[in-house]
Amino acid sequence: MTRDTAPHPATDGPGDVLVATDLVRRFGDLVAVDGVSFRIAPGETYGLLGPNGAGKTTTISMVAGLLAADAGTVTILGRPVGPHRIDVKRHVGLVPQDLAIYPELSARENLLFFGRLQGMGGKELRHRVDEVLEIVGLADRAKDATKEYSGGMKRRLNIGIGLLHSPTLLILDEPTVGVDPQSRNAILESVEALSGEGMAVLYTTHYMEEAERLCDRIAIIDSGRVQAEGTRDELVRLTGELDRIRLTGTGDVAAAAEAVRALDAVDHADADRHSLLLVVRDAPTAVAAIVTAATRAGMSLADVEITRPNLESVFLHLTGKALRD
Amino acid sequence: MGLSFRQLLTMTGSDLRQRLRDKSVVIFALVVPLALMFVFDLTFGGMEQLELGDIEVAVAAPDDDELAAALVGTVRDLDVVDVEVVPAAADEVRPLVRSGRAALGVVVPEGFGAAVTSGQEAVVDVVEGESAGLEGQVVVAVLQAVLDRVNAGAQAAAAGGIAGLPPEQLEAVARSVAEAAPTLGTTEGETSREQLSFSGSLVAGQAGLFLLFTVGFGVLGLLEEREQGTLARLRSMPMRPGLVVAAKALTAYVLGVVATAVLLTAGSRFFGVDFGSPAAVGVLVLAVVAAGVSLVFVVARVARTAEQAQVAQSILAMVLGMSAGAFFPITAGGVLGTILDLNPIAAFMHGLGITSGGGGLGDLGQPLAVMLGFALVAALASRLIPDRGAAS
């Protein structure tokens, strides 16, 4: 985990699917990506979290072999990646941010087309197409031209094409942009399921909730640089902020405050007539002991509310600006 | 069959399927040019079938005047117009024309020959009826030409008089000048063996002009794919990057060859045009489509967006098509003529002119060289010009 410094070069662990080291990409005078490094293990979902223009898509383009890096290296399964490395591309499934589907073709025809380009064919391809249509929930509309689909259905097909050939590494670039909540949830569930099956996933988003829900590890990226990297909890600790618990109720609130102050997890407690505001470490773990102590001290609880610092707070802490700026 | 070839065919097949479903390629490549052929044929087609008919000319001429008889004989024996001479008295000519029984009236005055031989100006009266038409114009023009010659004879006779020649010699001089072989003759025109008929030009020109639109549906698909995001996905596939471009070229080529072949075939049937040897015409089609595809690849490199490319392609199609004579014949000499000769659509039409005149493959060297040279230069340019769309 790092902060406000260039991340150390990723080390190529024996089981790593992807290792990106010190990637740099310039467009004229603009340095779009400036020394980005990270690695992804099998079955791991790795998030690139940052606002629009942070360098996420450029990073992904280099990882997928669409764009040559000005400096740095990318390896997938130990083999270098580049626009002409056909052997490596077989292991990658790309889900671009744009809807990379053909509107005049049906979902099945889109899948068959890209499957054939992946070198698949015959019964194997047809069987896999049926599977993917089920996974993305489009089996009943498989024969309809995709120009008739809703935005969410197109997004799901977009993902389906990326995972059609069962890639070792699935790269998803902002896959839920412009999607209704129902389709969004379906997409997130699909990604969770794929990760559960052992697929390595590189996921870019500017939605904090998605990164928190899906990603085992997250790199916060801004202005082409990785500002910090780690698990969600590791990143949150960077802010130095603790969790907050508010107990609301009746009875002896002052006695309850005294009782909870005695607990190790509680850093600070303020009481008023009907509520108790606590600053605590690791609220999910500590909440049971706190509730017990307050109740035994004579407070009758009506509501318990937990507030934890999130990645939005981390981003604000690291960059001085909100994530959606 | 190698994987790369299968991938190439997969992309080409999918492109063709989408283009056919889209319908716009059918409309622009076949329906619009065929419709234009019909419109132009209806509008201008009659000009090609222009034929002069016959005309009745009421003629009054003195019986014993050899020059007057020669004048009437010239009119009667015209090759280009069938003239029926209706003999009449001088005062009957005008009523005959007014009543419509003659379209034209000619009155050769008494003393016509004597006047000419004495050096006076020869004059005849012409009465033109409403039904004289183009045939009447031709007869009047011929009369005028003959009178000019007769007057030249009269002037020669007058000059002889001034010189003091005896009367019998003056008459001989006047006759020899008036009856001399014409210095300007007319013969029935025959088109060059390398020149298409009006209908042939119409069919070939429209096929050539719309070829650029047709191949654009294939090549400019590259820009559409970039804009809709599928190009990124294609480039992430395990295949050589050049295959995507090759597939677009093949799609464009197939569309161009099929559309041009259909247009030439349909045009031949509908407008009665014979383009000659199918094999030679086929080679011309292959060459002009190669030139068209290469040119549109240049457009695809220069344009930033598909919309820009379509505008540029339309301008190019109109300029090349019109300068080739797709709508009306264009002729130019000097540098401009040389530039026009390098136009692949003009070369295509030239080639079709050769085949329609009976020429074979061996006669197509020049137009084929122009088209293939153009294709080569444009293909090289498309590789060398920076891809502005990718850079934006």
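Chain naming here is simple, since letters A, B, ... match the order of the sequence lines and numbering starts at 1 in each. From a predicted model like this one, the values you see are computed outputs, not experimental measurements.
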Review point. Checking A:Ile161 against chain B: side chain, backbone, both or neither under 4.5 Å from a heavy atom?
Key: both

**Study point:** Heavy-atom closest pair, residues B:Leu295 and B:Ala378
**Key:** N-CB, 3.9 Å

Point to revise | Proximal component of A:Gln97, with respect to chain B [non-hydrogen, under 4.5 Å] | key: neither

Practice item. Counting only heavy atoms closer than 4.5 Å, note whether A:Phe27 contacts chain B via side chain, backbone, both or neither. Key: neither

Review point. If you count the non-hydrogen atoms of other residues, nucleotides and ligands that lie under 6.0 Å from CD in A:Glu189, is the total more than 12?
Key: yes

Check your understanding: Non-hydrogen atoms of chain A under 4.5 Å away: do they reach the side chain of B:Glu224, the backbone, both or neither?
Key -> neither

Point to revise | Which of B:Arg240, B:Gln7, B:Gln18 touches chain A most, by non-hydrogen pairs under 4.5 Å | key: B:Gln18

Practice item. Using only heavy-atom distances, determine whether the side chains of B:Glu225 and A:Tyr102 contain a donor-acceptor pair under 3.5 Å. Key: yes

Check your understanding: Most heavy-atom pairs under 4.5 angstrom with chain B, which of A:Leu117, A:Asn158, A:Leu94?
Key -> A:Leu117

Review point. Is the number of heavy atoms from other residues, nucleotides or ligands under 6.0 Å of B:Arg21 CZ greater than 12?
Key: yes

Study note, to complete from the structure: Comparing B:Arg233, B:Arg17, B:Met237 against chain A, the one with the most heavy-atom pairs below 4.5 Å turns out to be B:Arg233

Review point. Which answer fits A:Leu66, side chain, backbone, both or neither, if we ask what part of it has an atom under 4.5 Å from a heavy atom of chain B?
Key: both

Exercise for review: Return yes when atom CZ of A:Arg79 has more than 12 non-hydrogen atoms of other residues, nucleotides or ligands closer than 6.0 Å, and no otherwise.
Suggested key: yes

Study note, to complete from the structure: Applying a strict 4.5 Å limit to non-hydrogen atoms, the region of A:Val95 in contact with chain B is both

**Study point:** Residue pair A:Leu163 / A:Arg128, side-chain heavy-atom distance below 4.5 Å
**Key:** yes

Exercise for review: Flag yes if more than 12 heavy atoms outside B:Phe38 fall under 6.0 Å of its CZ atom; otherwise flag no.
Suggested key: yes

Study note, to complete from the structure: From the list B:Thr230, B:Thr10, B:Asp22, the residue making the most non-hydrogen contacts under 4.5 Å with chain A is B:Thr230

